Undergrad: 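Dumping the structure here so I can ask a few things about it.
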Amino acid sequence: MVGSRLRREWRRFRAGLALDSDHLGLLADYAELCLRADSFEYPGRAARAVTLAKRLNELAPRSAEADRLAAAERWARRG
């Protein structure tokens, strides 16, 4: 149940970014979702988070979305 919901979420983010690849909110939210994915079960998603974060920081390094993503990255590196 949770897995199918997450797959739908990932598809929606990809569809949104296909329409607007520079949408700051979509980039930040999708990167955060990828960061929070189990990197052992979904190693590609952890790598995708890096690419999304790089793009977000190229577009708007001092934005609220970049700050929110930085907090998610700190969470991902905890412990």
Side-chain angles (χ1 to χ4, degrees):
M1 184 75 96
V2 171
S4 63
R5 183 179 58 83
L6 284 175
R7 281 191 293 279
R8 280 194 311 272
E9 296 280 334
W10 281 310
R11 281 195 304 267
R12 288 178 182 149
F13 277 114
R14 287 193 304 269
L17 288 171
L19 295 172
D20 184 357
S21 63
D22 292 340
H23 190 283
L24 299 181
L26 286 174
L27 287 167
D29 291 345
Y30 188 28
E32 184 174 354
L33 183 65
C34 289
L35 282 170
R36 294 179 187 272
D38 183 334
S39 61
F40 291 106
E41 190 171 342
Y42 304 106
R45 293 195 174 115
R48 190 173 301 135
V50 173
T51 303
L52 294 163
K54 181 180 176 188
R55 182 66 182 144
L56 176 62
N57 285 314
E58 288 170 355
L59 292 170
R62 293 187 177 99
S63 65
E65 291 86 357
D67 290 344
R68 191 173 74 238
L69 181 55
E73 289 172 327
R74 286 190 299 274
W75 175 88
R77 289 190 303 266
R78 74 201 184 285

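Keep in mind the model is a prediction, meaning the values are calculated, not measured.
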Undergrad: Looking at every heavy atom in both N57 and A66, which two are closest together, and how far apart are they?
TA: OD1-CB, 3.7 Å
Undergrad: CZ/R5 to CH2/W10 distance, rounded to the nearest 0.5 angstrom?
TA: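 Spacing of CZ (R5) from CH2 (W10) equals 9.5 Å.
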Undergrad: If you take all heavy atoms of L52 and C34, which pair is closest and at what distance?
TA: CD1-SG, 4.3 Å
Undergrad: Which distance, rounded to the nearest 0.5 Å, do you find between the CG of D29 and the CD of E9?
TA: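 That separation rounds to 10.0 Å.
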Undergrad: On a heavy-atom basis, which atom in A31 and which in A49 lie closest, and how many Å separate them?
TA: O-CB, 3.7 Å
Undergrad: Walk me through whether E32 and W75 qualify under side chain to side chain contact (heavy atoms under 4.5 Å, CB included).
TA: CA-CA 10 Å; E32 184 174 354; W75 175 88; over 6 Å; no
Undergrad: To the nearest 0.5 Å, how far apart are CZ in R48 and CG in L35?
TA: 12.0 Å
Undergrad: Decide yes or no on side chain to side chain contact (heavy atoms under 4.5 Å, CB included) for L19 and L26, but give the supporting numbers first.
TA: CA-CA 11 Å; L19 295 172; L26 286 174; over 6 Å; no
Undergrad: Give me the atom names and distance for the closest heavy-atom approach of L56 to A28.
TA: CD2-CB, 3.9 Å
Undergrad: If you take all heavy atoms of A53 and E73, which pair is closest and at what distance?
TA: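 Looking at all heavy atoms of both residues, the closest pair is CB-OE2, 3.4 Å.
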Undergrad: For the residue pair R55 and D22, establish whether any side-chain heavy-atom pair is separated by less than 4.5 Å.
TA: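 In short, these two side chains touch, coming nearer than 4.5 Å.
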